[in-house]
Amino acid sequence: MLAIDAHDVEKTFRSGWLHRRETAALRGVSLTVARGAIVGVLGPNGAGKTTLLSILATLLTPDRGRVTVLGHDVVREAGALRRRLNMVSGRPSFLWSLRVGEIVAFYGRLYGLSGRALRRRVDALIELCELEPYRRAPYSDLSTGLKQRVALAKSLVNEPELLFLDEPTLGLDPDIAARVRAHIARLRREQGITIVLTTHYMREADELCDEIAFIKAGRILARGTSGELKRQIRLGEVVALKLDPPRVPWLADSPGTLRCVEVDGWVECTVDDAEKRLPELLRALHADGVVIRNVQVREPELEEVFVELAK
Amino acid sequence: MSWRNELLAVWAVTLRNALMGARNVFFFFELLFWPIVGVLSIGLMSRFLELTAAQASFVLVGTIALSVVNVCQLEVAYAVLLDVWSKSLKHQFLAPIGIRHLTLGSWIVGMVRSLAVFVLLAALGRWAFGFRVLQPGWLALATFLLGCFLTAWVVGVAVCALITLFGNRAEAFAWASVNMVLVLAGIYYPISVLPDSIAVLARAVPLTYFLDAYRAHYGFESEFRAPIATGLALSAFYAALAHWAFLAAIRRARRTGLLLKMSE
Ligand SMILES: Nc1ncnc2c1ncn2[C@@H]1O[C@H](COP(=O)(O)OP(=O)(O)OP(=O)(O)O)[C@@H](O)[C@H]1O
Ligand SMILES: [Mg+2]
């Protein structure tokens, strides 16, 4: 059962009255998302992530392509679809003098909640998003992290089946970001909500997403689990060495070594097969009289996949 | 969509605008300052020019009508302006809300606010210049206010449409263009004094007819045969037109990405 089924979506922005400018934001994007999945959309700035999410959420109409979300056509059946989805964007904003509870209640009414049902839903969301102490605080007085949590509470007010999160942890400090991530994981686990998120934090994508779609210049370049992407890009494994003397010029040319970089006093050599190359490297270094102070072997990080694909 | 949901969405917007209005002291300033200045300066001017009681009533009706329309249309324009200013337009249109809920909800608040302004100005006019708004009777007064509210609705929705069409930089332009129309309505003079070419435009403004009907009770002969019916028909026509324009502007904003751009 698919939550999202998008085919060959194209979108070009036209702007300027005198000097017409055209930006091809999406150039034929196809994406399917299964119900209950968490899918991450990654890509460099201006890749088209927000544009794609906005089309799926009915905020933007596509120029071309067929898009079905939760069984509704996003253009023809936008009204019915809007009741079933919701979205959080990285820089949330609501009316400045409304209080936290009033904001959630306002959106609740738009989805047909009233009276006791509305009060109960607002209470539950304020508790879920740990906003109780700020319930009566005007929105403009809140910190970035709290605003983000208000946005999350608002986005759950209609008990959506599908949730779009556009950079949900943008500008949050690490422990709040971790809490937001925990919320997201729980929403999927406990309520089975399908989630599509964009992020610039690779750890976030690695930790949360079942699958990742990599988008660049309006096209999806790769798609798969984080492990699949790492294998697909064939980045090899990283052997990190702490040496004395710290620089050994011939390392980059040793057999099986793809590249060597220096990071914070470590020499990181990417090799095709660590199990085979590590003993060879150690022997050669020893023979050269280099003292080996520390050695680590690890898989490449998603970040490196990102850098490779974004090239 | 059920009736209950329709009313609930309108109520949500009404409550939102009322809360925003109640919490902003500058809104109150905006609400009261210019109307009071208007009535005082027009009243004093009519005293200085030694106008008859009827003539003074004529211009005071005009200035009060202008204030009522202005306060009410501003609130109707808040239907989108609040979201434009707070950059929450995209959250708004992500929800299942129609422009009818936004404009109706804001209009209700606008009517309450401009009614308050009207009562205050009427009291001020009575106390300072002996001007009696109730002289024409309750029904005539109610019709006159309805005419002001309808005009305000049209103007406010037109401003919303222009802003969603051209973006928030067009705010000043939007207001200037619609206020142009109001000036034509013969606020301070009968439209018979206008040159023919401009009088044609004035005849297209619904407020002209409501002013005309109300002033007839102060001894000024009506310039039209059925002013109230004409005013209502014109208002209905423009209301439909403005609603359609706003709807089309929102559709266009979804297509061009302006809806997203105004939320950044
Ligand atoms: N409303 C708009 N009007 C005009 N151009 C737009 C609009 N929104 C996006 N664009 C352009 O479309 C392209 C894709 O933008 P988009 O916001 O989708 O990128 P993104 O992947 O979300 O980037 P980021 O990581 O910076 O958020 C960019 O070149 C951008 O300038
Ligand atoms: Mg973006």
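All of these numbers come straight from a predicted model, not from anything done at the bench. All values below were derived from every heavy atom in this structure, side-chain atoms included, with hydrogens, water molecules and symmetry-related copies excluded. Reminder, nothing fancy here: chain letters follow the sequence lines and each chain counts from 1.
- For the residue pair B/Cys160 and B/Ala79, the shortest heavy atom distance occurs at SG-CB, 4.2 Å.
- Contacts of B/Leu82 with chain A are made by both backbone and side-chain atoms, with heavy-atom separations under 4.5 Å.
- When each of B/Leu260, B/Asp83, B/Leu102 is tested with B/Phe93 by the rule side chain to side chain contact (heavy atoms under 4.5 Å, CB included), just one qualifies, namely B/Leu102.
- Across A/Pro62 and A/Val67, no two heavy atoms sit closer than the pair CG-CG2, 4.5 Å.
- Of all the listed residues (B/Arg16, B/Gln92, B/Lys261, B/Met20), the one sharing the greatest number of non-hydrogen pairs under 4.5 Å with chain A is B/Met20.
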> Which is it for A/Thr169 and A/Glu204 under the side chain to side chain donor-acceptor pair (under 3.5 Å) test, yes or no, and what are the steps along the way?
Replying inline: CA-CA 9 Å; A/Thr169 56; A/Glu204 187 163 298; 2.5 Å; yes
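- Residue A/Leu85 touches chain B through its side chain alone, counting heavy-atom pairs closer than 4.5 Å.
- Residue B/Arg23 touches chain A through its side chain alone, counting heavy-atom pairs closer than 4.5 Å.
- Interface remark: of the candidates A/Glu102, A/Lys11, A/Arg91, A/Glu102 forms the most heavy-atom pairs closer than 4.5 Å to chain B.
- In this structure, the portion of A/Ser15 lying under 4.5 Å from any heavy atom of chain B is its side chain and not its backbone.
- Looking at B/Glu264, there are no atoms closer than 4.5 Å to chain A (heavy atoms on both sides), in backbone or side chain.
- For CZ of A/Arg188, the number of neighbouring non-hydrogen atoms (other residues, nucleotides, ligands) closer than 6.0 Å is greater than 12.
- Only the side chain of A/Ser54 comes within less than 4.5 Å of a heavy atom in chain B; its backbone stays farther off.
- A/Arg66 has its side chain out of reach of A/Asp8: every pair of non-hydrogen atoms, C-beta onward, lies at least 4.5 Å apart.
- Annotation: maximal heavy-atom pairing with chain B below 4.5 Å, among A/Thr50, A/Val88, A/Leu113, occurs at A/Leu113.
- For B/Leu94, the parts lying near chain A are the backbone and the side chain together; criterion is any non-hydrogen pair under 4.5 Å.
- For A/Phe94, the parts lying near chain B are the backbone and the side chain together; criterion is any non-hydrogen pair under 4.5 Å.
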>> Could you walk me through whether A/Arg14 and A/Thr23 satisfy the side chain to side chain donor-acceptor pair (under 3.5 Å) test, starting with their C-alpha distance in whole Å, then the side-chain angles of each, then the deciding distance to 0.1 Å, before giving a yes or no?
In response: CA-CA 7 Å; A/Arg14 293 177 176 79; A/Thr23 315; over 6 Å; no
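- Relative to the six-membered ring of A/Tyr139, A/Lys147 meets both conditions, a distance below 6.0 Å and an angle of at most 45° to the axis.
- Using a 4.5 Å cut-off between heavy atoms, A/Asn158 makes no contact with chain B at all.
- Contact of A/Phe106 with chain B is made through backbone and side chain together, with heavy-atom distances under 4.5 Å.
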